[in-house]
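In what follows, a structure is listed as structure tokens, so that the remarks can point back to it.
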Number of protein chains: 2
Amino acid sequence: MQFAREDAMTKAYELHYWPGIQGRGELVRLALEEAGAPYVDVARGPRGVAALMKRMNAALPAPFAPPFLVAGKLVVAQTANILLYLGPRHGLVPRGDAALYTANQHQLTIGDIVSETHDTHHPIATGLRYEDQKREAKKRAAAFTAERIPKYLGYFERVLGKSGGAYLLGRALSYPDLSLFQVLQGLDYAFPKTTSRVLRESPRLRELRARVAARPRIAKYLVSPRRVSFNENGIFRRYPELEP
Amino acid sequence: MQFAREDAMTKAYELHYWPGIQGRGELVRLALEEAGAPYVDVARGPRGVAALMKRMNAALPAPFAPPFLVAGKLVVAQTANILLYLGPRHGLVPRGDAALYTANQHQLTIGDIVSETHDTHHPIATGLRYEDQKREAKKRAAAFTAERIPKYLGYFERVLGKSGGAYLLGRALSYPDLSLFQVLQGLDYAFPKTTSRVLRESPRLRELRARVAARPRIAKYLVSPRRVSFNENGIFRRYPELEP
């Protein structure tokens, strides 16, 4: 199977995601920024959330939830799916079908980390406030820091050790590297003790993080107003009581 | 972007997944069965789990977890990724890039349902037994049945209403239909009261379920010894106390 490539869009993409948080939208933003692809972050503009809702409900099929990307006539939702769309179009994955399946596989594992991180502060219900599930959050965060962070980061450290380069797929950056960077930043924000302890023994993850941060477009982006700061409405939240 | 197609494998696929449960492996099995593709369910054979572990650790990159599919030299992990691989090769998705992104998008949303269902009996930690997190499981299951099942199933009922056919992508079956069928069966097993209440108002989901069950290869498979029964080690578990 060949995943053929077309030229990237010349018109700006529309990224639709909730304003005020990085969330899953940030994984898409990092890819768009690294690609130097023109995009409009719709919901951060005036009356942006109304525009997002209108676009979401008009799509066929309507996405289940943001983020979604509008690329000409195409509306693509689900973070890993958006990146599967963008990756080959913008040189964010090596050529060939095997590489794209590997990239997508890593992206889905990274998506699992993101979901599990979310559930550390919302272990009972998305519809409840953190304060109403804090007792359970403490338990879930304890298991997450003790077992899941070391397991996931240890896995990716091993992948890097066998990839033949500094990145997940080898010597060239691909889009899951950008998402893994974001996860490392986010875990370091939310669970700094655990993350720095694990990273002390993970030289390849530290190297990947440094390399991504130093890429010219990413370095510019990270200090630009387009980058939302980590905060306690997003997925990666710093609640000191969750990492005593 | 064109997702080109190649001929399907003539050699049997190897499916690697934990024996004794349906789990996420079942979403792959349903696709292989509907396709009539030859496959070996490795871990269900003699010394199968040892064979699975050996193959998993030999792969580059090693999968984070089963299920994974061995297709010739390729090892593909993550359920939605395996289905992205199989779908176009076996006529389980309409031709064209838009259809494949839509199928993958639905598959990822279905994967989210599966993960949330898992967490109804494991809201605190995968590493703990159900009995050790039963109190929290009751709370999570209450929110899941009150909010999430109606939201997810309502979403897919609307998608079916606008697809132009009886299936998610229109008049032809595609692989997310098989996974949605499995989710409906699983939810009906685990949370029968909620599921039958929601399905009473969801004629299109009922129709999809009946159509998938009646497809000749699926109908044969469901009564074959290859189909593992639902049980309380899997993802969809019937614990009466979780749906009082």
Side-chain angles (χ1 to χ4, degrees), chain A residues 1-6 60-65 68 73-82 84-85 88-89 97-98 100-102 104-109 111-112 115-116 119 123-128 133 135-136 139-140 142-144 146-148 151-152 155-156 158-159 162-163 168-169, chain B residues 1-6 60-65 68 73-82 84-85 88-89 97-98 100-102 104-109 111-112 115-116 119 123-128 133 135-136 139-140 142-144 146-148 151-152 155-156 158-159 162-163 168-169:
Chain A
M1 184 168 183
Q2 281 283 329
F3 287 87
R5 283 137 203 268
E6 283 176 10
L60 272 182
F64 181 73
F68 60 95
K73 289 180 182 174
L74 205 61
V75 178
V76 186
Q78 283 280 3
T79 309
N81 196 36
I82 299 170
L84 184 75
Y85 174 88
R89 280 179 171 69
D97 54 341
L100 191 50
Y101 290 121
T102 301
N104 188 42
Q105 176 177 317
H106 288 322
Q107 190 63 43
L108 291 168
T109 304
D112 290 341
S115 294
E116 290 190 29
D119 282 10
I124 301 301
T126 329
L128 287 177
Q133 49 196 315
R135 176 203 300 257
E136 295 87 357
K139 287 190 181 183
R140 178 139 187 165
F144 185 70
E147 294 157 25
R148 302 302 280 173
K151 180 166 179 172
Y152 276 121
Y155 170 75
F156 281 115
R158 288 195 301 282
V159 169
K162 297 189 175 179
S163 77
L168 289 169
L169 269 72
Chain B
M1 182 169 185
Q2 281 283 327
F3 288 89
R5 284 138 202 266
E6 282 176 9
L60 271 181
F64 181 74
F68 60 95
K73 290 180 180 173
L74 205 61
V75 179
V76 185
Q78 282 281 0
T79 310
N81 197 36
I82 299 170
L84 184 74
Y85 173 87
R89 279 178 172 70
D97 55 341
L100 191 50
Y101 291 121
T102 301
N104 188 41
Q105 176 177 317
H106 288 321
Q107 190 63 44
L108 292 168
T109 304
D112 290 341
S115 294
E116 289 190 30
D119 282 11
I124 299 302
T126 328
L128 288 178
Q133 48 196 317
R135 177 203 300 257
E136 296 86 357
K139 285 190 181 183
R140 179 140 185 163
F144 184 69
E147 293 156 26
R148 305 300 281 174
K151 181 167 178 172
Y152 276 122
Y155 170 74
F156 281 115
R158 288 195 302 281
V159 168
K162 296 188 176 179
S163 76
L168 289 168
L169 269 74

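So that the names make sense, note that chain A is the first sequence line, chain B the second, and so on, each numbered from 1.
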- Item | chain B contacts, top residue of A/R135, A/R148, A/K151 (heavy-atom pairs, under 4.5 Å) | A/K151
- Got a second to check how far A/Q133's CD is from B/K139's NZ, nearest 0.5 Å? 9.0 Å
- Item | Spacing of A/T102 atom OG1 and B/L60 atom CG [to the nearest 0.5 Å] | 10.0 Å
- Message: Quick check on the interface: out of A/P123, A/A125, A/A65, A/G127, who has the most heavy-atom pairs with chain B under 4.5 Å?
- Response: A/P123
- In short, B/A143 meets A/I124 closest at the heavy-atom pair CB-O, 3.9 Å
- Message: Apply side chain to side chain donor-acceptor pair (under 3.5 Å) to residues B/N81 and A/Q107 and explain how you reach the verdict.
- Response: CA-CA 10 Å; B/N81 197 36; A/Q107 190 63 43; over 6 Å; no
- Item | A/E147, part contacting chain B, at a heavy-atom distance under 4.5 Å | side chain
- In terms of heavy-atom pairs under 4.5 Å with chain A, which of B/F68, B/F144, B/Y152 leads? B/Y152
- Query: Between A/D119, A/L169, A/V159, which residue shows the highest count of heavy-atom pairs closer than 4.5 Å to chain B?
  - Reply: A/D119
- Task: Go through the atoms of A/K73 and report whether side chain, backbone, both or neither lie under 4.5 Å from a heavy atom of chain B.
- Result: neither
- Query: Heavy-atom distance under 4.5 Å to chain B: side chain of A/T126, backbone, both or neither?
  - Reply: side chain
- Message: Please classify the contact between A/F64 and chain B as side chain, backbone, both or neither, with a heavy-atom cut-off of under 4.5 Å.
- Response: both
- Please round to the nearest 0.5 Å and tell me the distance separating atom OG1 of A/T109 and atom CD of B/Q78. 4.0 Å
- Which bit of A/L108 is near chain B, if near means a heavy-atom gap under 4.5 Å: side chain, backbone, both or neither? both
- Message: Given heavy-atom pairs under 4.5 angstrom as the criterion, report whether the side chain, backbone, both or neither of A/F156 touches chain B.
- Response: neither
- Message: Given heavy-atom pairs under 4.5 angstrom as the criterion, report whether the side chain, backbone, both or neither of B/R158 touches chain A.
- Response: neither
